[in-house]
Amino acid sequence: MPADTSKQAPMRPVGPRLLIYRISAWVTGVGLLLLTFVALPLKYIWDIPGPTTVIGIAHGWLYMIYIVCTLVLAERVRWRPVTALLILLAGTIPIASFVAERKVTKEIESRQAAAG
């Protein structure tokens, strides 16, 4: 997902923003998995709607936090808007937030190592 770093503007120090992004990506991903593979089957197969409401609302709030964390990190490392948008969309697809988190972490760590 992260684009070619050779054409990107130099990134500024990230500080704790990467860790906060990583935590929000994982929490959002787990929430979406619970919603998709636990709450929705309970609602539509066994007619138990309660968990869908609770987990759905929780995932909505967690996704909003994920959006803020991603945008703060995107501004800090100077991603192109399309790159940031793709990473934001990863929070809406089951398992994609985990994949995006790994790619983002590797990309930022490699850019930090190259910068010295």
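Listed for the T52 side chain is a donor-acceptor partner under 3.5 Å among the backbone atoms of A39. Listed for the R76 side chain is a donor-acceptor partner under 3.5 Å among the backbone atoms of P13. Using a distance-only test at 3.5 Å, with no hydrogens or angles considered, no donor-acceptor pair links the side chain of R102 to the main chain of V99. Side-chain N or O atoms of S110 include one that pairs as donor or acceptor with a backbone N or O of K106 at under 3.5 Å.
Sequence neighbours left out, the pairs with a member in residues 26-52 that pass ring pair (Phe, Tyr, Trp, His ring centres under 6.0 Å) are W26-F98.
Across every non-hydrogen atom of C69 and I20, the tightest pair is SG-CG2, 3.6 Å. Across all non-hydrogen atoms, the minimal contact from L42 to P51 is CD1-CG, 3.8 Å. When all heavy atoms are compared, the tightest approach of W79 to I108 is CZ2-CD1, 4.2 Å. Of all non-hydrogen atoms in L33 and P94, the two that sit nearest each other are CD2-CB, 4.0 Å.
Under the 4.5 Å side-chain contact rule for hydrophobic residues, L32 and L89 do not share a cluster. Taking hydrophobic clusters as Ile, Leu, Val, Met, Phe, Trp and Tyr residues chained together by side-chain heavy-atom distances below 4.5 Å, I93 does not share a cluster with V82. Y66 and M64 end up in the same hydrophobic cluster when Ile, Leu, Val, Met, Phe, Trp and Tyr side chains are linked at under 4.5 Å.
Note that OG1 of T28 is 7.5 Å distant from CD1 of I65, once rounded to the nearest 0.5 Å. In this structure, CG in L73 is found 11.0 Å from CG in L19, a value given to the nearest 0.5 Å. The distance from the CG atom of L35 to the NZ atom of K43 is 9.5 Å, given to the nearest 0.5 Å. Interatomic distance, I87 CD1 to I67 CD1, rounded to the nearest 0.5 Å: 13.0 Å. Note that CG of L85 is 11.0 Å distant from OG1 of T70, once rounded to the nearest 0.5 Å.
Partners of V27 by side chain to side chain contact (heavy atoms under 4.5 Å, CB included), not counting sequence neighbours, listed by chain and number: I23, L62. Residues forming a side-chain hydrogen bond (donor to acceptor under 3.5 Å, both in side chains) with T92 (at least two apart in sequence, or on another chain): none.
A donor-acceptor contact closer than 3.5 angstrom is absent between the side chains of S97 and E101.
Within the 4.5 Å cutoff, the side chain of V77 has no heavy atoms near those of the Y21 side chain.
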Problem set entry | Working for side chain to side chain contact (heavy atoms under 4.5 Å, CB included), residues L71 and L88 | CA-CA 8 Å; L71 291 175; L88 286 171; 3.9 Å; yes

Problem set entry | Full working for side chain to side chain contact (heavy atoms under 4.5 Å, CB included) between T105 and R22 | CA-CA 8 Å; T105 301; R22 292 182 71 188; 3.3 Å; yes

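Contact check on R111 versus E107 returns a salt bridge, with a Lys/Arg side-chain nitrogen under 4.0 Å from an Asp/Glu carboxylate oxygen.
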